[in-house]
Amino acid sequence: MPLLLIALAILVSTGLAALAAGGRRAWAVRLGAGGAVAACLVGLVPAIRAVAGAPDEALDVAWSLPGGACSLGLDPLSGFFLAAILALGALAAVYGAEYLAPTPERPRVGAAWWWYNLLIASMAVVVCARNAVLFLIAWEIMTLASFFLVVWEDHREDARRAGWTYLVAAHIGTACLIGFFVGLGDTGGPLGLGAGHAPSLGAGWLFLLALLGFGVKAGFIPLHVWLPEAHPAAPSHVSAVMSGVMIKIGIYGLLRALTLLGPAPASWGWVLLAVGIVSGILGVLNALAQHDLKRLLAYHSVENIGIIAMGIGLGVIAQAAGCPAAAVLGYAGGLLHVANHATFKGLLFLDTGSVVHATGTRHLEDLGGLAKRMPRTAFTFLVGAVAISGLPPLNGFVSEFLILLAAFSLLTGGAGWTVVAAVAAIASLAMIGTLATACFTKAFGVVFLGEPRSDHARRGHDPAPAMQLPSMVLAALCVAGGLGAPWVVGWLAAPVGVLAAGAGLPVGAVLADTAGLLAVVAGAGAAFLALAGAAAYARRRLLTGRSVTGDATWGCGYAAPTARMQYTASSFAAPLVKYFNSVLGTRKAHGAVTGYFPRHGSFSTGAPDLFATRLLAPTFRGVSGLLGRLRGMQAGRVQLYVAYVAAMLVALLLWEGRR
C-alpha cells in the first residue's frame with residue numbers, strides 16, 4: 001500500500017506542476033508525461049504482487065466526512081484492474097508526450113496533463129476504495145477529469161456536444177450508484193465495500209441499480225450513447241485509456257457488486273448474458289457501418305464489453321446450476337478479456353492517432369495506401385486487428401476461447417435452460433467474431449492498402465519513435481498473450497478466487513487443466529509464426545544481390561488505375577450491412593449519374609445510432625417538456641424556497657416515522 005500511495009502522490013503533484021508550468025509548455029509535457037510514467041511504474045509493483053496472490057493490503061484513515069473514511073484495500077481483483085490501468089496509462093503517456101507536443105494551436109498542454117494524471121489517479125482510487133463515499137468521490141473525479149479531456153479541443157462543436165452527452169450520461173449513472181450504496185449499507189455504521197451489510201432494499205433491486213449505474217460507464221447497450229461520441233472527440237492517447245481501461249471500471253464495479261450481494265441467482269446471469277449478447281452483436285454491426293475510424297473503434301468497445309458480460313453471465317448461470325468448471329471458465333474468460341481488450345484496443349487507438357497525426361483525417365474514404373508510407377504503423381495495426389477479431393494465435397483468441405469452453409462445458413454438463421444459455425453464447429460469439437473480422441478487413445484494407453484517395457493520405461508517414469514505441473510494446477503483448485496463454489491463465493487464479501469466494505469452486509484445478517489445452521493451441525500458433533518467419537527469411541536470402549523494383553498496385557488490367565476504381569468503405573460493407581438495415585437504419589446518399597461518360601458520381605452510407613435518435617432523444621425531449629411546465633415553481637422568492645425545504649423535511653420525517 002505505501003507504494004500505491006507514493007504513485008498517487010506522484011500523479012497529483014506532477015500534474016499540478018505541469019498545470020503551473022504556464023508558458024513553459026515543454027516543461028509541462030516533461031512533468032506531466034514523466035510523472036505519469038514514473039507513478040504508473042511504481043504502482044505496478046503492488047498491483048502485480050496482488051494479482052500473484054500476495055496477502056491483501058489495507059489502509060484505514062478516519063476523516064470527518066459523515067459516512068466516509070479513507071479506506072483503501074488491495075486484493076487480487078483490485079490488483080488485476082489496477083495493473084491494466086497503470087500499464088496502459090504509462091504507455092499512453094509516452095505516446096501523448098509526442099502526440100501533444102507544444103504547438104501554437106495547443107496552448108493548454110499543461111492543463112491536459114493535469115487532467116490526464118488526475119484521471120489515472122482517480123481510476124486507481126476507485127478500484128481500491130473500500131468505502132462508498134470515497135468510491136463515489138473518486139468516481140466523480142474520474143468523470144470530471146475525462147470530461148475535460150474529451151472537450152480539450154473545445155473550439156470543435158463535436159467535442160463540446162460529446163462532452164455534454166458524456167456528462168449527462170455519467171451523472172445519470174452516478175444517481176443509480178448512490179441509490180445502490182444507500183440501499184446496500186446498513187443503518188448502523190458507515191457505508192463500506194466489504195462483507196457483512198444488511199441491504200435495506202431487495203438484492204434484485206440493488207443488482208438492477210448496479211447494472212444501470214456501472215453499465216453506463218461500461219457502455220452496455222442502450223446505455224452506450226456517450227461512448228461513440230466521446231472517444232472520437234478526445235485526443236487519441238486519451239481515447240486509448242478511456243476505451244482500454246476507463247470503461248472497464250464499470251465492469252469492476254459490477255463484479256464488486258456481485259461479491260457484495262451474496263450468491264447470485266441464475267436470473268442475474270441471464271440478464272448479464274442477454275445484455276452481453278445484445279451489446280456484442282449490435283456493437284459490431286454498428287462498427288461495420290461506420291466510416292470514421294475512431295467511431296468504428298468506439299463501437300467495437302461496446303462489442304467487447306458485451307463479450308466480457310457474456311463471460312460473467314455464463315459464470316453466474318453455471319455457478320447457480322452447480323457446474324463449477326463452467327463457472328470458473330466463464331469468470332476467467334471475462335476477466336482475461338478485460339486485460340486483452342485493454343491491450344489490443346489501446347494499440348488500435350494509438351495507431352489511429354498516428355494516422356490522424358500524419359494525415360489530418362480519420363475518415364476512411366479519404367485514406368488508402370498508407371502501408372507504403374507508414375509500414376510500422378500498418379504492421380502494428382494489423383496485429384491489433386487480428387487480435388480484436390479473436391483469431392489465433394493472438395491474445396484476443398485466448399479469452400474468447402475460454403468463454404467458449406465455459407459455454408461448451410455448460411452445454412455438456414447442464415440441463416434445461418442452461419443448455420439454451422450455452423447455445424446462445426456459442427452462436428453469438430461465432431457471429432460477433434465473423435462480423436469483427438469483416439469489419440477490420442474493411443478498416444485495414446481501406447486505410448492501408450490500395451492507392452491514396454486524397455492528398456491527406458499522400459502525406460502519410462510513420463510517427464516519431466516516442467509514438468511508435470508504445471504501439472510496438474502493445475503489439476508484442478498481443479503476441480505474448482497468445483503464445484504465453486498457458487502461463488497467463490495461471491495468473492487468473494487469485495482474481496477469479498475473489499469472485500468465487502464462498503462458492504467452493506475448484507479454481508486452481510480447472511485453470512490447470514485449461515492451461516494444458518492452451519499449451520497445444522499456443523504450440524500450434526508458435527509453429528505457424530516460426531514457419532512464416534522462416535519463409536520471410538528465405539525470401540530475403542533469395543532476393544539478396546538481385547534487383548528488386550516496385551510498381552503501382554495492380555488495377556485489374558487497367559493501364560492507369562486510380563483511387564476511384566477501388567472499393568470504398570461503404571461498398572465493402574454494403575453486402576453485409578444490407579441484411580441488418582432494419583436494425584441499423586442505414587441511410588444511403590448518392591449523386592445523380594448523367595451522360596454516357598459521366599465524370600462525377602458519389603455514393604455513401606451512414607448508420608445513425610437508433611438508440612440515441614429513436615429512444616433517448618425523444619425521452620429527453622419529453623422529460624424536458626415536462627420539467628418546463630414546472631418553471632412556475634421557481635418564482636424568485638426566497639420565502640417560497642424555504643417553504644419547499646420545510647415541506648421536504650416534513651415529508652422525510654413522516655417517511656422515517658413509518659419505518
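Counting from 1, the numbers follow the sequence of the chain as shown. Reckoned from all heavy atoms, side chains included, excluding hydrogens, waters and symmetry mates.
- Ion pairing between a basic and an acidic side chain is recognised when a charged N comes within 4.0 Å of a carboxylate O; R256 and D75 show such pairing.
- Using a distance-only test at 3.5 Å, with no hydrogens or angles considered, a donor-acceptor pair links the side chain of S78 to the main chain of V127.
- Side-chain contact between L347 and I388: absent, with no pair of heavy atoms (C-beta onward) separated by less than 4.5 Å.
- Judged purely by atom type and a 3.5 angstrom limit, S409 has no side-chain atom pairing as donor or acceptor with the backbone of L405.
- The shortest distance between side-chain heavy atoms of L517 and D513 does not fall below 4.5 Å.
- The number of heavy atoms from other shown groups lying within 6.0 Å of CZ (F444) is above 12.
- Expressed to the nearest 0.5 Å, how far CD1 of I308 lies from CG of L272 amounts to 12.0 Å.
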(request) For I251 and F220, run side chain to side chain contact (heavy atoms under 4.5 Å, CB included): C-alpha distance rounded to whole Å, both residues' side-chain angles, the deciding distance at 0.1 Å, then the answer. (result) CA-CA 10 Å; I251 297 296; F220 293 141; 3.9 Å; yes
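- Taking CG from L212 and CG from L177, the interatomic distance works out to 9.5 Å, rounded to the nearest 0.5 Å.
- Using a 4.5 Å heavy-atom threshold, the side chains of V386 and F397 count as separate.
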(request) Please assess I178 against L209 for the test side chain to side chain contact (heavy atoms under 4.5 Å, CB included), listing each intermediate value before the final yes or no. (result) CA-CA 9 Å; I178 292 173; L209 286 172; over 6 Å; no
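- Here the straight-line distance linking atom CG of D351 with atom OG of S471 works out to 4.0 Å at 0.5 Å rounding.
- Between K442 and Q290, the shortest heavy-atom distance links the atoms NZ-O, 2.8 Å.
- L435 has its side chain within reach of L285: a pair of non-hydrogen atoms, C-beta onward, lies under 4.5 Å apart.
- Side-chain atoms of K345 come within 3.5 Å of backbone N or O of L297 as a donor-acceptor pair.
- Atoms CG and CG, from L91 and L350 in turn, are 8.0 Å apart once rounded to the nearest 0.5 Å.
- Using modelled atom types, no side-chain atom of S243 and backbone atom of A240 make a donor-acceptor pair closer than 3.5 Å.
- Between the CG atom of N340 and the CG atom of L477 there is a distance of 10.0 Å, given to the nearest 0.5 Å.
- Annotation: side chain of L492 is in contact with side chain of F80 (closest heavy-atom distance under 4.5 Å).
- Side chains of V225 and E229 form no contact here, defined as non-hydrogen atoms less than 4.5 Å apart.
- The backbone N or O of G244 sits less than 3.5 Å from a side-chain atom of K248, completing a donor-acceptor pair.
- Among all heavy-atom pairs drawn from M310 and S428, the shortest one is CE-CB, 3.9 Å.
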(request) Could you please spell out the steps behind the side chain to side chain contact (heavy atoms under 4.5 Å, CB included) verdict for V284 and H300? (result) CA-CA 6 Å; V284 72; H300 273 289; 3.7 Å; yes
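- Heavy-atom minimum distance, L296 versus A443: CD1-CB, 4.4 Å.
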Contacts table for residues 325-338: side-chain donor-acceptor under 3.5 angstrom, sequence neighbours left out:
residue : atom : partner : partner atom : Å
Y331    : OH   : Q319    : OE1          : 2.9
H337    : ND1  : S399    : OG           : 2.6
H337    : NE2  : N304    : OD1          : 2.8

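- When all heavy atoms of A84 and V245 are compared, the pair lying nearest together is O-CG1, 3.4 Å.
- Counting all heavy atoms, side chain and backbone alike, P76 lies closest to V51 at O-CG2, 4.2 Å.
- Y299 pairs by the ring pair (Phe, Tyr, Trp, His ring centres under 6.0 Å) definition with nothing, not counting sequence neighbours.
- Side-chain atoms of R49 never come within 3.5 Å of backbone atoms of A54 as a donor-acceptor pair (strictly under, hydrogens ignored).
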(message) What verdict does the side chain to side chain contact (heavy atoms under 4.5 Å, CB included) test give for V419 and L410, after you've listed the backbone C-alpha separation in whole Å, the side-chain angles of each residue and the deciding distance to 0.1 Å?
(response) CA-CA 7 Å; V419 174; L410 196 60; over 6 Å; no
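- Using modelled atom types, one side-chain atom of S146 and one backbone atom of T143 make a donor-acceptor pair closer than 3.5 Å.
- Taking 4.5 Å as the limit, some side-chain heavy atom of H341 sits within range of a side-chain heavy atom of S301.
- Using a 4.5 Å heavy-atom cutoff, the side chains of K217 and I247 are not in contact.
- Checked against the 6.0 Å centroid criterion, the rings of W139 and F181 do not qualify as a close aromatic pair.
- Nearest heavy-atom pair across A203 and W268 is O-CZ2, 3.4 Å.
- To the nearest 0.5 Å, atom CZ of residue F381 and atom CZ of residue F349 are 10.0 Å apart.
- For W226, the ring pair (Phe, Tyr, Trp, His ring centres under 6.0 Å) partners are Y166, H231, not counting sequence neighbours.
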